[in-house]
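These notes are about the structure you will find just below.
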Amino acid sequence: MLELNFLRENREEVEQRLNKRNIDAKTLLDTARDLDDARRATQTELDARLNELNGLSRTIGDLMKAGKKEEAEAARARTTELKTSTAALKDKLDSAEKALHDHLCTIPNAPNAKVPVGKTPEENTVVMEEGAVPVLHDGAKPHWELAEHYGLFSLDLGVKLTGAGFPVYSGQGAKLQRALISFFLDKATEAGYREIIPPHMVNAESAFATGQLPDKEGQMYHATADGLYLIPTAEVPITNLYRDEIVEAAQLPIKLVGYTPCFRREAGSYGAHVRGLNRVHQFDKVEIVRIEKPENSYAVLEEMVEHVKGLLRALELPYRQLLLCGGDMGFASAMTYDMEVYSAAQKRWLEVSSISNFETFQSNRLKLKFKEEKKNRLAHTLNGSALALARIVAALLENNQTPEGIRIPKALQPYTGFAMITR
RNA sequence: GGAGAGGUGGCAGAGCGGUUGAAUGCGGCGGUCUUGAAAACCGCUUUACCCGAAAGGGUAACGGGGGUUCGAAUCCCUCCCUCUCCGCCA
C-alpha cells in the first residue's frame, strides 16, 4: 500500500510512475485524495465534539465531588445530544476510513524510474546473459522423461496422493532436492543471512501485510476451518516476523533466509509448457529477505542479484537477468529482476528467481519502521528467490544429461554424495 | 478434550468507575559531579491520526470487537492468546 502522505505530497511523480503499469493513475489518485479529504473533514468534526463531551464529563465529575447535584444534572442533560452526534460521526469516520483503505488497497506500487515501459513479458529488458548453452547428445530428453528413466520424481504418484502438480521425489531425485536446499541455505548463511524456519501456514493478517491479500486470494490454498493460508512463498512468514515492529536504525540491515515448500493454486494453463516441473502446485524454495534503510535499498537489490548470479554460476547453468517492465511487474513491487535459466532440452528459458524491492509498499502494511534520530520511518523491504528448486532441477537434469547418466555440478557433489545420476 | 488463572508502556509490576497515557522499579537518553569511570542526584523517555506555516492545540489506544455510563485500564458480553493441573500424543 502506497503511503498516503507521500502520494499527496508527490502527486505528479507518483502518477507518472504508476502510469508505467498502463493503468488509469489519474483517476485512482483523484479518488484517493477525495476519500482522504472526506475522512479528514469527518475526523476534525468528530474530534471537536469529543473534546466538548470530554470537557462536560470532567465538569460533571468536579460538580459531583463538590456535592452540587443540580448543576451536575443540568450538565448531564447537555451530553445527550453530543452522544448521539458523536456516535453518528464515529460511524461516518469508520466508513470513510474503510472506503479510503479499500481504495488504497487497489493501487499497485509505483514503479521505479528505471523500470521500462511495457505491457507484456516481451517488453522486459534483458540486462545480461551468461554461460554457454550446452550441446546435447542425440536422443536428449526433457526432464520429465529423464525423471521417469532414472526414477527421480513422479507426478502420477502425486496425483494418486493429492492431485495434479504435486511431485513425489524419490531416490537420487529426493537426494538432489535436499542437496540443493542445503547448498542454497549454506551460501546464504555465508553471505550473512540468518536462517529462519517459519510456519508453512499464515493467518489473514500476515497474508495482507505482504500483499497476497486481497489481490491474490485465489492463488493461495485456504484452510477455511481455521482461517489459515498455505504460504505461496517464505517471503510471507519471514517478512511478517517484523510486522508491527519499530527497530533501531543500528539493527539494520536485517538479512534473513528461509527454506520452505511453497504452495500455489495457479489457476489455468495446461500443455507442454507446464509439463513436468515447469509449473507445479508445491515446490521448494530458499528465499532471502532484507529490511533496509530507504537510501540503501536499490544498492541492496543489486547485491541480491549478485548473490543469485553466484549460485547460478556455481551450478554451471546458463542464465540471463531480466528487468521487468511496468506491465509485467507484481502488484507490490517497485522494481523486479527475474533470473531465468536455459533449459536445453525444452529449448526455453525458465524463471527461477524473482528479486524485488518493495520500497515502503509492504512496510506500510506491516507497520514496520525504524527509529532514526527520534523519527520513525518506514523501512524498505526486499526479497528474492535464492533459489526456486523445481525449475532449477528441470534445467539441471536437461542440461547435464549424457548417455552415461546425469552429471552433478561440482559445487553440489559434496551435498549429493554422488557425481552422477545413474539407473 | 476437561478444570482453573491471567492478558497494562522496551521489560518487571501497581491501578479495579472521575485530569490515569497510566504509580513504582529496571533499562535507555541528556545533564550535574569526577582526571576518567562507577555511584549519587536532576530532567527526559509509547504510538497513530486531526487542526496549524510554526509555536502549539485536539482525538484515539491498557489483547481484539461490542455493550453499560455524563465518564471505563477499571463493570458486562464475546472472540483471540498465554500460563498451571488432568487427559491424549509425534
Side-chain angles (χ1 to χ4, degrees), chain A residues 1-9 32-105 197-209 213 223-229 237 240-252 254 291 360-379:
Chain A
M1 194 154 61
L2 288 166
E3 291 172 83
L4 192 56
N5 287 331
F6 183 79
L7 193 144
R8 290 187 73 116
E9 287 159 22
R33 186 202 52 217
D34 293 346
L35 288 171
D36 189 40
D37 285 344
R39 172 197 135 249
R40 287 178 187 218
T42 307
Q43 178 163 354
T44 303
E45 197 183 344
L46 206 219
D47 284 356
R49 301 276 175 95
L50 284 173
N51 180 225
E52 199 180 332
L53 191 57
N54 286 342
L56 276 173
S57 293
R58 239 171 281 136
T59 307
I60 291 169
D62 291 342
L63 290 172
M64 297 285 258
K65 267 191 221 162
K68 297 176 181 170
K69 262 231 158 152
E70 298 77 26
E71 287 178 55
E73 284 302 325
R76 187 182 296 182
R78 276 189 286 135
T79 62
T80 317
E81 189 275 327
L82 276 175
K83 280 188 78 175
T84 52
S85 67
T86 52
L89 281 166
K90 183 71 170 65
D91 287 347
K92 194 176 164 191
L93 180 63
D94 286 347
S95 54
E97 280 175 345
K98 187 175 185 307
L100 175 62
H101 182 263
D102 288 352
H103 177 67
L104 287 176
C105 283
I197 300 180
H200 299 167
M201 299 182 104
V202 293
N203 56 31
E205 244 185 311
S206 296
F208 170 78
L213 289 179
T224 49
D226 298 287
L228 299 174
Y229 295 86
N240 269 279
L241 252 18
Y242 284 86
R243 171 150 52 82
D244 294 318
E245 294 287 337
I246 300 172
V247 301
E248 292 295 332
Q251 285 179 255
L252 300 179
I254 292 168
I291 298 168
T360 59
F361 194 87
Q362 289 184 329
S363 62
N364 191 30
R365 291 183 173 203
L366 288 156
K367 297 185 175 58
L368 162 55
K369 303 183 178 184
F370 67 100
K371 192 181 276 294
E372 190 171 58
E373 284 158 20
K374 308 224 171 189
K375 281 266 213 164
N376 296 326
R377 298 172 61 199
L378 290 173

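All chains are named by letter (A, B, ...) in the order of the sequence lines, taking the proteins before the strands, and each is independently numbered beginning at 1.
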Say you pick atom P in B:rC85 and the same atom in B:rG27; how far apart are they, in whole Å? 33 Å

Calculate the interatomic distance between A:E248 atom CD and B:rC11 atom C1'; express it in whole Å. 15 Å

Any side-chain heavy atom of A:V247 sitting closer than 4.5 Å to one from A:I291? no

Whole angstrom value for the distance that separates C1' of B:rA48 from CE of A:M1: 13 Å

Do A:R365 side-chain atoms and A:F208 backbone N/O form a donor-acceptor pair below 3.5 Å? yes

Which whole-number value in Å describes the distance from A:L89 CG to B:rA60 P? 13 Å

What distance, rounded to whole Å, do you find between the two C1' atoms, one in B:rC62 and one in B:rG9? 9 Å

Atom CG of A:L50 to atom C1' of B:rC49: distance rounded to whole Å? 13 Å

Determine the contact category for A:K90: base if any of its heavy atoms lies under 4.0 Å from a base atom, sugar-phosphate if only primed atoms, P, OP1 or OP2 are that close, otherwise nothing. nothing

Considering only the C1' atoms, how many Å lie between B:rG63 and B:rU82, rounded to the nearest integer? 10 Å

For residues A:T42 and A:L93, report the shortest heavy-atom separation together with the two atoms involved. CG2-N, 3.7 Å

B:rG4 -> Watson-Crick or G-U wobble partner, both distances under 3.5 Å, gives B:rC83

Quick one: is B:rU45 close enough that its OP1 or OP2 comes under 4.0 Å of any side-chain N or O from A:K371? no

Give none if B:rA60 has no partner; otherwise give the nucleotide forming a Watson-Crick or G-U wobble pair with it, both distances under 3.5 Å. B:rU47

Base, sugar-phosphate or nothing for A:N376? Non-hydrogen atoms, less than 4.0 Å. sugar-phosphate

Strictly by Watson-Crick or wobble contacts shorter than 3.5 Å, is anything paired with B:rU32, and which nucleotide is it? B:rA40

Could you state the CG-C1' distance from A:L93 to B:rA48, rounded to the nearest angstrom? 13 Å

Could you check whether A:N54 and A:S57, counting side-chain N and O atoms only, form a donor-acceptor pair closer than 3.5 Å? no

The correct set of residues in residues 40-47 of chain A placing a heavy atom under 4.0 Å from RNA chain B is A:R40, A:Q43, A:T44, A:D47

Mind checking who B:rG52 pairs with, Watson-Crick or G-U wobble, both distances under 3.5 Å? none

B:rC86 and B:rA38, which share atom name P, separated by this distance in whole Å: 49 Å

Just verifying a value: how many Å separate A:L366 CG and A:M1 CE, rounded to the nearest 0.5 Å? 10.0 Å

Is A:K98 salt-bridged to A:D102, cutoff N-O under 4.0 Å? yes

Verify, without hydrogens or angle tests, whether A:N240 (side chain) and A:S206 (backbone) share a donor-acceptor contact under 3.5 angstrom. yes

Qualifying salt bridge (charged side-chain N to carboxylate O under 4.0 Å, His left out) pairs with a residue from residues 46-60 of chain A, counting only residues at least two apart or across chains: A:E45-A:R49

Set out, line by line, the N/O atom pairs under 3.5 Å between protein and nucleotides 64-71 of chain B.
| from | atom 1 | to | atom 2 | distance (Å) |
| --- | --- | --- | --- | --- |
| B:rC70 | O4' | A:T79 | OG1 | 3.4 |
| B:rC70 | O2' | A:S57 | OG | 3.0 |
| B:rG71 | OP2 | A:K83 | NZ | 3.3 |
| B:rG71 | O4' | A:S57 | OG | 3.3 |

CD of A:E205 versus C1' of B:rC79: gap in Å, rounded? 14 Å

Donor-acceptor under 3.5 Å (A:T79 side chain, A:A75 main chain): no

Contact nearer the 5' end of RNA chain B, comparing A:N54 with A:K369: A:K369

Rounded off to whole Å, could you give me the NZ-to-P distance for the A:K367 and B:rA61 pair? 17 Å

Counting any heavy atom closer than 4.0 Å, what does A:I246 reach on the DNA or RNA strands: base, sugar-phosphate only, or nothing? sugar-phosphate

Suppose you measure atom P in B:rG28 against the same atom in B:rC80; what distance do you get, rounded to whole Å? 40 Å

Have a look at A:R39 and say if it touches a base, only the backbone sugar-phosphate, or nothing, with a 4.0 Å heavy-atom cut-off. sugar-phosphate

In whole angstrom, give me the gap between the C1' atoms of B:rU24 and B:rG15. 11 Å

C1' gap between B:rG21 and B:rU46, integer Å: 8 Å

Searching all strands shown, indicate the nucleotide that pairs with B:rC75 (Watson-Crick or G-U wobble; both distances under 3.5 Å). B:rG67

Expressed in whole Å, how much space separates the C1' atoms belonging to B:rC42 and B:rC51? 35 Å

Check against salt bridge (charged side-chain N to carboxylate O under 4.0 Å, His left out), A:R76 and A:E73: CA-CA 5 Å; A:R76 187 182 296 182; A:E73 284 302 325; 3.7 Å; yes

Give me the atom names and distance for the closest heavy-atom approach of A:L100 to A:A32. CD1-O, 3.7 Å

Quick one: A:D36 CG to B:rC49 P, roughly how many Å, whole number? 11 Å

